[in-house]
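Both counts, for ligands and for their atoms, begin at 1 and track the order of listing.
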Amino acid sequence: MTNKIRVGVLGFGGLGQAAARLLAQKQEMILVAAADKDGYVYDSNGLNEDVCIKTYYEKGSVGHVEAGGLLTNQSINELISKADVDGYFLALPNLPNNFMADVTRQFINSGWQGVLVDALKRTSAMEQILALKDELQAAGITYMTGCGATPGLLTAAAAIASQSYAEIHSVKITFGVGIANWEAYRATIREDIAHLPGFNVEKARSMTDAEVEAFLDKTNGILTLENMEHADDIMLELAGICRRDQVTVGGVVDTRNAKKPLSTNVEVTGRTFEGKISTHTFTLGDETSMAANVCGPAFGYLKTGVSLQRRGMCGLFTATEVMPQFVR
Ligand code: NAD
């Protein structure tokens with residue numbers, strides 16, 4: 001197919017690499033750019049995901065890739081000005097909590113126009129992106145926020161499920177994540193630890209890998225998370241579906257076992273127009289990984305973003321406002 005959507009991935013850790021693997025099976029999108037904190041790689045003819053992943057593991061940065069790689073500690077800025085990209089998936093750690101908003105400002109200030117998609121998790125982080133709404137619009141950027149699994153796929157499912165009801169009473173998201181090795185998803189695990197009692201974003205950010213490991217040793221590799229600060233709440237409130245205090249998010253992460261400790265699901269309880277109280281439950285298949293449930297929706301929303309952008313629609317959209325399109 002001609003006119004493939006040219007995609008860049010910022011952050012080449014667990015999710016960034018999964019994104020590259022997923023895109024290799026798509027006909028409608030082509031991965032042309034990737035960046036990590038020490039460099040970037042750009043090739044308008046497309047990147048070889050195996051080479052990028054192998055190089056990242058062996059040498060520490062995609063900047064070492066022979067064809068199109070460059071080492072720099074300004075990888076995002078340099079890539080924005082150099083690469084011809086329709087849309088970026090921001091698979092970056094949001095550490096500190098304002099990192100994604102800072103990166104968004106870099107895009108706004110650069111004059112670049114296109115689509116940005118994030119899989120941001122914290123409400124307070126998304127509020128910073130929401131505050132940039134007018135600037136994104138003026139810059140000609142179509143920004144899709146909260147487009148991973150939760151927030152993302154599950155929040156969008158809750159928005160659809162709410163249609164059966166005249167009044168929503170609660171939205172309860174419960175996730176189970178199984179990863180064989182925490183080091184494959186360092187930022188995800190640090191950000192999860194930040195939700196535990198006695199921790200915060202700054203504390204989790206400053207923990208060394210050895211400290212994270214020692215902490216996980218004490219919990220047998222299990223993180224049990226309750227009442228998390230998750231942007232699903234603000235997204236459902238903005239969509240007019242319910243108040244944010246009616247949304248709860250929690251889950252269990254097993255960092256030593258690829259098998260999910262429980263089935264990820266969202267329960268939407270409400271009252272129908274006839275006065276019946278009921279609950280819709282949407283459960284993800286246990287075989288689907290976190291990477292599949294984050295990267296799939298992220299690119300589905302990127303495709304939607306591109307079609308909005310081509311119709312002249314810029315600014316900020318959350319995953320509850322529009323449907324993700326299926327990427328072939
Ligand atoms: P990771 O730690 O595995 O990788 C992070 C990558 O970002 C690394 O390649 C690193 O080099 C790069 N990076 C760091 N600073 C950079 C900079 N200044 N410039 C360029 N690159 C930089 O991360 P991960 O575990 O894949 O998680 C990525 C994000 O996805 C996290 O914020 C996490 O919370 C989020 N996430 C969201 C969901 C969801 O459902 N919404 C689920 C899982 C993870």
>> Is it the case that ligand 1 has an N or O less than 3.5 angstrom from some N or O of G14?
In response: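 Such a contact does occur with ligand 1.
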> Is it the side chain, the backbone, both or neither of S61 that has a heavy atom closer than 4.0 Å to ligand 1?
Replying inline: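 None of S61 does.
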>> Please classify the V294 to ligand 1 contact at 4.0 Å (heavy-atom distances, strictly less than): side chain, backbone, both or neither.
In response: side chain
> Going by the angle between their ring planes, with limits at 30° and 60°, are H230 and F175 parallel, tilted or perpendicular?
Replying inline: parallel
>> As a quick check of understanding, evaluate side chain to side chain donor-acceptor pair (under 3.5 Å) for N97 and S124, giving each step before the final call.
In response: CA-CA 8 Å; N97 200 36; S124 52; 2.9 Å; yes
>> Looking only at distances, can you tell me whether any N or O atom of G11, backbone or side chain, sits closer than 3.5 Å to an N or O atom of ligand 1?
In response: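 Between G11 and ligand 1 (N or O atoms, distance only) the closest approach is not under 3.5 Å.
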> In terms of side-chain heavy atoms, does D118 have a donor or acceptor partner in Y143 at a distance below 3.5 Å?
Replying inline: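 A donor-acceptor contact under 3.5 Å links the two side chains.
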> Testing L70, T72, D36 for side-chain contact (heavy atoms from CB on, under 4.5 Å) with S61, which one passes?
Replying inline: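 By the side-chain contact (heavy atoms from CB on, under 4.5 Å) criterion, S61 pairs with just one of L70, T72, D36: D36.
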> Which of the atoms of ligand 1 are close to I76, meaning less than 4.0 Å from one of its heavy atoms?
Replying inline: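 Going through ligand 1 atom by atom, the ones under 4.0 Å from I76 are 19 (N), 20 (C).
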> Between M290 and ligand 1, is there a nitrogen or oxygen pair with a distance under 3.5 Å?
Replying inline: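 N/O-N/O distance under 3.5 Å: no.
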>> Is there a polar contact, in the sense of an N or O pair closer than 3.5 Å, between A35 and ligand 1?
In response: no
> Heavy atom under 4.0 Å from ligand 1: found in R186's side chain, backbone, both, or neither?
Replying inline: both
>> Quick check: do L302 and M144 have side-chain heavy atoms less than 4.5 Å from each other?
In response: no
> Which residue from Q74, K37, Q17 reaches closest to atom 10 (C) of ligand 1 through any of its heavy atoms?
Replying inline: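 Considering heavy atoms of Q74, K37, Q17, the nearest to atom 10 (C) of ligand 1 sits in K37.
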> For R256, does the CZ atom sit with more than 12 other heavy atoms under 6.0 Å from it, leaving out its own atoms?
Replying inline: yes
>> Taking 4.0 angstrom as the limit and counting only heavy atoms of A184, give me the atoms of ligand 1 inside it, by number and element.
In response: 3 (O)
>> Counting only heavy atoms, tell me which of T150, L95, L153, T188 gets closest to atom 25 (O) of ligand 1.
In response: T188
>> Show the atoms of ligand 1 that are less than 4.0 angstrom away from any heavy atom in A91.
In response: 28 (C)
> According to the interplanar angle, ranging from 0 to 90°, do the rings of Y165 and H280 count as parallel (below 30°), tilted (30 to 60°) or perpendicular (above 60°)?
Replying inline: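 Ring orientation of Y165 relative to H280: tilted.
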> Is there at least one pair of N or O atoms, one from G13 and one from ligand 1, spaced under 3.5 Å apart?
Replying inline: yes
>> Could you check whether K303 pairs with E28 (Lys NZ or Arg NE/NH1/NH2 to Asp/Glu carboxylate O, under 4.0 Å)?
In response: yes
> If you draw the axis of the six-membered ring of F99, does the NZ or CZ of K37 fall within 45° of it and under 6.0 Å from the ring centre?
Replying inline: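 No - K37 does not lie over the ring of F99 by the 6.0 Å and 45° rule.
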